[in-house]
Amino acid sequence: MNRGLNTFVDLSKIALKMAEYNFSGIQQRWQKYWEENNIYKVDIDPDKPKYYVLDMFPYPSGAGLHVGHPLGYIATDILSRFKRLKGYNVLHPMGFDSFGLPAEQYAIQTGQHPAVTTEANISRYKEQLRELGFSYDWEREIRTSDPSYYKWTQWIFKKLFNSWYNLDTDRAEHIDNLIKEFSENGNGTVNAHADEDIDLFDQKDWAEFSEKQKAEILQKYRLTYLSETSVNWCPALGTVLSNDEVKDGFSERGGHPVVKKLMPQWSMRITAYADRLLSGLDTIDWPEPIKEMQRNWIGKSVGAEMSFQVDGHDADIKVFTTRIDTIYGVTFLVLAPESELVKKITTEDKRSEVDAYVTEAVNRSERERMSDVKHVTGAFTGAYAINPFNQERVPIWIADYVLAGYGTGAVMAVPSGDQRDYDFAKHFNLPITPVYDNMNIEEAADPTKEGKMINSGVLNGLGYKDATEKAITYLIENKMGERKINFRLRDAIFGRQRYWGEPFPVYFKEGVPELIDDSKLPVVLPEVDKYLPTEDGEPPLARAEDWKYEGEYDYEWTTMPGWAGSSWYFFRYMDPANQETFASREALKYWKSVDLYTGGSEHATGHLLYSRFWTKFLYDLGYIEVEEYADKLINQGMIQGRSNFAYRVNGENKYVSKGLRSQFETTPIHVDVNIVKDDVMDIDAFRKFRPDAVQAEFLLEDGKYHCGWEVEKMSKSKYNVVNPDDLVQKYGADTLRMYEMFLGPIEQSKPWNTNGIEGVFKFLKRLHTLFFNNGKVSISDEAPSKKELKIIHGLLKKIEEDVTSLSLNTSVSSFMIAVNEFTSLKCNKREILQPLVIAIAPFAPYLAEELWHVLGNEGSVVMATYPEFDERYLQEDIFEYPVSVNGKMRVKIKYPIDKPIPEIQRDVLENDVIKKWLDGKSPKKIIVVPQRIINLVV
RNA sequence: GCGGAUGUGGCGAAAUUGGUAGACGCACUAGACUUAGGAUCUAGCGCCGCGAGGCAUGGGGGUUCGAGUCCCUCCAUCCGCACCA
């Protein structure tokens with residue numbers, strides 16, 4: 001008897017177990033299945049439309065992924081899987097931006113080779129990514145630090161070196177065209193985007209130049225070139241930083257001071273592409289803030305450049321202005337203190353004062369100069385310039401508000417129209433001449449373009465537009481100046497004094513840089529004894545023993561910057577194993593460009609600009625099909641940390657719950673967020689977390705210890721890091737995926753908060769339960785009801801719209817609503833469950849795969865076809881017209897959808913409820929908005 | 001200073017783009033089933049009011065029969081750029 005009973009109990013337990021949502025078993029089962037069957041492998045398939053979804057590849061840091069990283073990856077994975085179900089051939093790769101500073105600094109500290117740490121970090125990342133069920137084709141994985149990859153980064157560098165920018169054709173061309181032109185006609189006929197200081201020479205001169213001279217001249221034209229450049233040198237890091245790696249005079253990483261220093265540097269002539277980088281923004285669907293940042297960074301301004309003679313000297317001062325119309329308002333000129341003219345024109349009586357000012361200005365660090373914007377300083381040189389329009393003598397000053405690096409390093413000051421000039425004039429008591437009749441310059445400068453010109457000689461009486469045109473025409477006719485467009489964008493520094501980066505494919509022969517032949521690529525990163533600069537301050541690569549080209553010539557010792565490898569990786573994914581070229585023509589033609597690119601907005605003026613530049617360059621050379629590589633960009637928001645706090649009473653070993661802390665003097669103490677749930681702390685876990693609290697007393701509210709919270713950066717020291725692995729362990733990958741989407745719109749930055757993940761978990765359990773009854777699979781083949789059909793087709797429609805527009809948070813809600821309804825309808829009908837499983841497959845791939853098989857299907861749900869929704873099921877035949885009286889909503893009246901509006905209006909008046917409200921009066925007007933509302937105005 | 005974004009319950013958020021604000025979820029409250037509940041289910045849940053009702057989308061104003069949504073203005077928070085002539 002006993003025995004039998006036990007057996008019975010056990011059986012029922014086993015049966016119930018089958019019906020349980022055992023996510024970890026499901027995960028293991030399908031992970032294995034996907035990998036064994038190579039489910040996510042992608043190849044070119046001309047019969048299918050392509051779709052390319054890309055995430056910015058991560059730098060594999062030692063800390064592993066935290067819960068913020070996968071946000072974008074989950075969204076793109078959902079879209080990829082959805083597009084696959086819709087019949088697209090989807091390219092959805094992943095790789096690693098594996099060169100970078102942290103691995104190198106770790107190497108400096110420990111002697112561990114960066115390749116080793118990088119490899120270990122990548123394995124960890126890959127394991128974490130695998131758990132989350134992403135549908136990457138891992139055969140396409142790339143790593144920027146892999147020689148088979150950076151071979152092609154070096155190859156592109158060579159192409160840039162061998163190119164110049166022809167402004168007549170408005171594209172990059174091979175340097176040989178230029179050399180040919182030089183030997184035939186000299187450089188007088190060449191219209192290139194090149195250095196400013198190139199002397200004219202003819203074909204004869206060219207023939208007579210030495211090889212070294214020729215090389216030096218060509219450097220001034222090449223798209224990547226070596227030059228003495230003022231760079232941001234960070235002594236603490238021992239390296240050069242780009243402008244976007246410097247924040248307020250300190251390095252972005254580490255916050256070390258940065259100084260200006262002249263060094264021979266490799267640069268990229270990105271300025272050649274300034275105009276195209278700007279206009280290209282109009283052709284791509286990128287977030288407006290990103291485009292705006294890039295526009296500001298490029299900083300195009302249209303105006304004129306003109307010369308002022310220096311009185312009594314054989315010299316002139318070139319100025320750039322966007323307001324040539326105000327030329328008669330010029331009452332002084334200002335030079336940057338660094339200007340070479342300063343020495344020449346300063347009069348004896350002013351010399352000591354000017355020298356002192358120059359010395360001070362040059363020595364002031366960038367930081368000081370920037371923090372001191374409001375303070376007006378300057379010095380008079382004693383010299384005068386002549387305004388070519390009215391021959392007036394105007395004093396020449398120097399001041400550090402004029403930047404040597406922008407325009408000509410000199411400005412014509414119009415204090416009536418420009419606030420900085422105005423402040424300067426007021427401070428040094430210089431005249432202020434209004435040039436428009438309606439200018440108000442009592443308190444401040446008036447940059448108006450309205451009104452008619454006054455005090456302006458030949459321009460008097462004209463408006464802004466006419467005055468500008470007339471002035472420019474005058475300049476050009478008298479050969480005093482020209483139309484000019486200036487950009488704020490500077491050429492990009494391309495070298496780093498570091499070890500862990502791509503070596504250049506360059507060696508030096510008699511001081512001249514020469515390229516290494518394609519057949520000898522890649523130039524592999526050599527081994528060094530230490531990852532530090534040499535005693536002479538040479539970069540780490542100078543330490544490499546026997547590292548000479550052909551045993552004789554020095555290689556370039558700097559390495560490429562972090563953005564080199566990331567500027568073209570999206571093309572390598574198309575054909576990652578190719579040994580012959582960076583990607584085959586066939587692959588480039590088929591995949592074309594990235595349809596959707598996601599990543600953080602912090603790369604706006606870095607990676608996202610440089611990669612557009614390289615794309616345009618490769619396009620000019622005819623290697624690729626597109627001029628922009630990413631058609632649409634989404635910025636996923638940053639996930640901040642949400643720290644929890646306990647409140648310790650000062651001087652006592654006593655902690656009080658949040659609501660009681662006002663009664664005590666307390667200090668907030670970080671609590672590990674992983675021992676807090678819904679802001680209620682697990683006290684036992686806290687005693688373990690803080691051993692000094694073992695004996696502590698806790699003052700509770702309603703028997704609970706409530707923690708406070710604050711948004712902070714996610715970091716170990718704040719104990720607010722939430723690790724995706726732990727959540728996958730506890731709830732499964734499907735829950736985590738859906739919860740991350742449920743959290744809110746992906747573009748939005750927000751603190752991570754695990755409160756609420758249970759809701760998603762319960763939902764998946766309920767979905768799972770739908771397929772079972774009393775522990776047994778229970779699927780009915782009965783025809784679905786109209787109501788059920790309406791729910792499922794409404795859902796299919798909603799999900800399709802949401803996924804297309806990436807509003808994935810509302811999709812999750814829609815799934816919950818649908819599943820709740822099916823649960824309360826006890827709906828277990830195949831015709832309903834089958835499309836439901838396919839629809840949810842992009843979101844919860846593991847569970848969907850499991851249920852797909854519970855339904856008795858073969859193969860993988862990945863191969864299924866997304867079900868078409870049928871509008872017919874969604875149509876209402878009765879519409880509830882809300883009726884409003886005097887703008888207040890009063891009642892709803894049901895009418896068939898196709899009832900004519902005049903009939904409805906008549907009916908409304910006869911409705912008893914309405915009659916009562918109208919109270920005998922007749923409405924002034926009845927408005928019936930089709931399909932919406934009926935409005936009576938009394 | 002310039003440019004951009006955001007502002008809705010205790011919390012994360014919805015709102016068919018001008019049509020019953022707060023869907024969905026969390027937390028909370030009550031109840032059911034339970035030896036138990038950190039499982040499950042049912043109901044309630046913006047604020048004021050016993051109620052009818054009134055008030056509510058950062059503040060103020062406007063357009064409209066009707067505004068979270070459009071216009072003006074102010075405030076707050078976040079991000080980017082920062083003497084760019």
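As a basis for the values below, the full set of heavy atoms in this structure was taken, side chains included, without hydrogen atoms, waters or symmetry mates. Because the structure is a prediction, the values reported are computed rather than measured.
Taking the P atoms as reference points, B:G38 lies 39 Å from B:U57, given to the whole Å. Spacing of C1' atoms, B:U16 relative to B:G22, comes out at 16 Å, to the nearest Å. When the C1' atom is used for both B:C48 and B:G31, the distance is 27 Å, rounded to whole Å. When the C1' atom is compared between B:C2 and B:C84, the two are found 12 Å apart, to the nearest whole Å. Straight-line distance between the P atoms of B:U34 and B:A23: roughly 33 Å, to the nearest whole Å. Straight-line distance between the C1' atoms of B:G46 and B:A13: roughly 14 Å, to the nearest whole Å. Taking atom C1' in both B:G54 and B:G58, one finds a spacing of 22 Å when rounded to whole Å. When the P atom is used for both B:G12 and B:G80, the distance is 22 Å, rounded to whole Å.
In this model, the phosphate group of B:A85 is not approached by any side-chain N or O of A:Thr408 to a distance below 4.0 Å at OP1 or OP2. A close approach under 4.0 Å does not occur between any side-chain nitrogen or oxygen of A:Tyr401 and OP1 or OP2 of B:A85.
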Enumerate, atom names and distances included, each donor-acceptor pair closer than 3.5 Å involving a side-chain atom of residues 756-766 of chain A, sequence neighbours excluded.
residue	atom	partner	partner atom	Å
A:Glu758	OE2	A:Lys677	NZ	3.2
A:Glu758	OE2	A:Tyr731	OH	3.1
A:Arg766	NE	A:Asn820	OD1	3.2

*Determine which bases of RNA chain B form Watson-Crick or G-U wobble pairs with both distances under 3.5 Å, and write the result as a 5' to 3' dot-bracket string with | for other-strand partners.*
(((((((..(((......[....))).(((((.......))))).(((....)))..(((((..]....))))))))))))....
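For A:Trp297, taking side-chain heavy atoms from C-beta onward, the closest of the listed nucleotides B:G25, B:C81, B:C26 is B:C81. Counting only heavy atoms from C-beta on, A:Val411 has its side chain closest to B:A85 among B:C26, B:A85, B:C84. Checking B:C26, B:C24, B:A14 against the side-chain heavy atoms of A:Asn755 singles out B:C26 as nearest. Among the nucleotides B:C26, B:A23, B:A85, the one closest to any side-chain atom of A:Ile817 is B:A23. When distances are taken from the side chain of A:Val402 to each of B:C28, B:A85, B:A15, the shortest belongs to B:A85.
The distance from atom OG1 of A:Thr321 to atom CD1 of A:Ile327, rounded to the nearest 0.5 Å, is 7.5 Å.
B:C79 atom P lies 17 Å from atom NE2 of A:His603, rounded to whole Å. The interatomic distance linking A:Ile840 (CD1) with B:C24 (C1') rounds to 14 Å, in whole Å. Distance OH (A:Tyr739) to P (B:A13): 10 Å, rounded to an integer number of Å. As a whole-Å value, the separation of A:Asp421 CG from B:C83 P is 15 Å. Going from atom CD of A:Glu710 over to atom P of B:C78 covers 13 Å, rounded to whole Å. Rounded to an integer number of Å, the gap from A:Glu747 CD to B:C79 P is 19 Å. B:U40 atom C1' lies 18 Å from atom CZ of A:Phe772, rounded to whole Å. The distance between atom CG of A:Asp802 and atom P of B:U17, rounded to the nearest whole Å, is 14 Å.
Qualifying ring-ring contact (aromatic ring centres under 6.0 Å, His included) partners for A:Phe645, counting only residues two or more places apart in sequence or in other chains: A:His670. Applying the salt bridge (Lys or Arg N to Asp or Glu O under 4.0 Å) test to A:Lys318 and every residue at least two apart in sequence or in another chain returns A:Glu305. Residues passing the salt bridge (Lys or Arg N to Asp or Glu O under 4.0 Å) test with A:Asp684: none are found, sequence neighbours excluded. When the salt bridge (Lys or Arg N to Asp or Glu O under 4.0 Å) test is applied to A:Asp682, no partner is found at least two apart in sequence or on another chain. Remark: A:His706 pairs with no residue by the ring-ring contact (aromatic ring centres under 6.0 Å, His included) rule, at least two apart or across chains. Judged as a ring-ring contact (aromatic ring centres under 6.0 Å, His included), and not counting sequence neighbours, A:Trp709 has no contacts. Under the ring-ring contact (aromatic ring centres under 6.0 Å, His included) criterion, A:Tyr436 pairs with no residue at all, not counting sequence neighbours.
Dense packing is recorded around CE of A:Met480, with more than 12 heavy atoms of other residues, nucleotides or ligands lying under 6.0 Å away. The environment of A:Glu602 atom CD is dense: over 12 non-hydrogen atoms of other residues, nucleotides or ligands sit within 6.0 angstrom.
Using a 90° window around 0 for the glycosidic torsion, B:G68 falls outside it and is classed as anti. For B:U40, the base is anti relative to its sugar; the glycosidic angle deviates from 0 by more than 90°.
Pairs engaging residues 407-428 of chain A under the salt bridge (Lys or Arg N to Asp or Glu O under 4.0 Å) rule: A:Asp418-A:Arg420 [sequence neighbours left out].
Residue A:Lys765 is in sugar-phosphate contact alone, with no base atom involved, counting any heavy-atom pair closer than 4.0 Å across all strands shown. A:Lys484 comes within contact range of no nucleotide atom at all, as no heavy-atom separation falls under 4.0 Å. A:Asn820 comes within 4.0 angstrom of the backbone, heavy atoms only, and of no base. When heavy atoms are screened at a 4.0 angstrom cut-off, A:Asp418 is found touching no nucleic acid atom at all.
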Could you pull out the protein-nucleic contacts involving nucleotides 41-43 of chain B (nitrogen or oxygen on both sides, under 3.5 Å)?
residue	atom	partner	partner atom	Å
B:C41	OP1	A:Arg766	NH1	3.0

_Letter per nucleotide, 5' to 3', of nucleotides 2-12 of chain B [B base touched, S only sugar-phosphate touched, - untouched; heavy atoms, 4.0 Å]_ = -SS-------B
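Mapping A:Arg420 and A:Ser601 onto RNA chain B via the closest heavy atom, the residue that lands nearer the 5' end is A:Ser601. The nearest heavy atom of RNA chain B to A:Lys300 and to A:Met816 marks one nucleotide each, and the one closer to the 5' end goes with A:Met816.
The aromatic rings of A:His768 and A:Tyr21 are tilted relative to each other, their planes meeting at an angle between 30° and 60°.
Using a 4.0 Å cut-off between charged nitrogen and carboxylate oxygen, A:Asp679 and A:Lys704 do not count as a salt-bridge pair.
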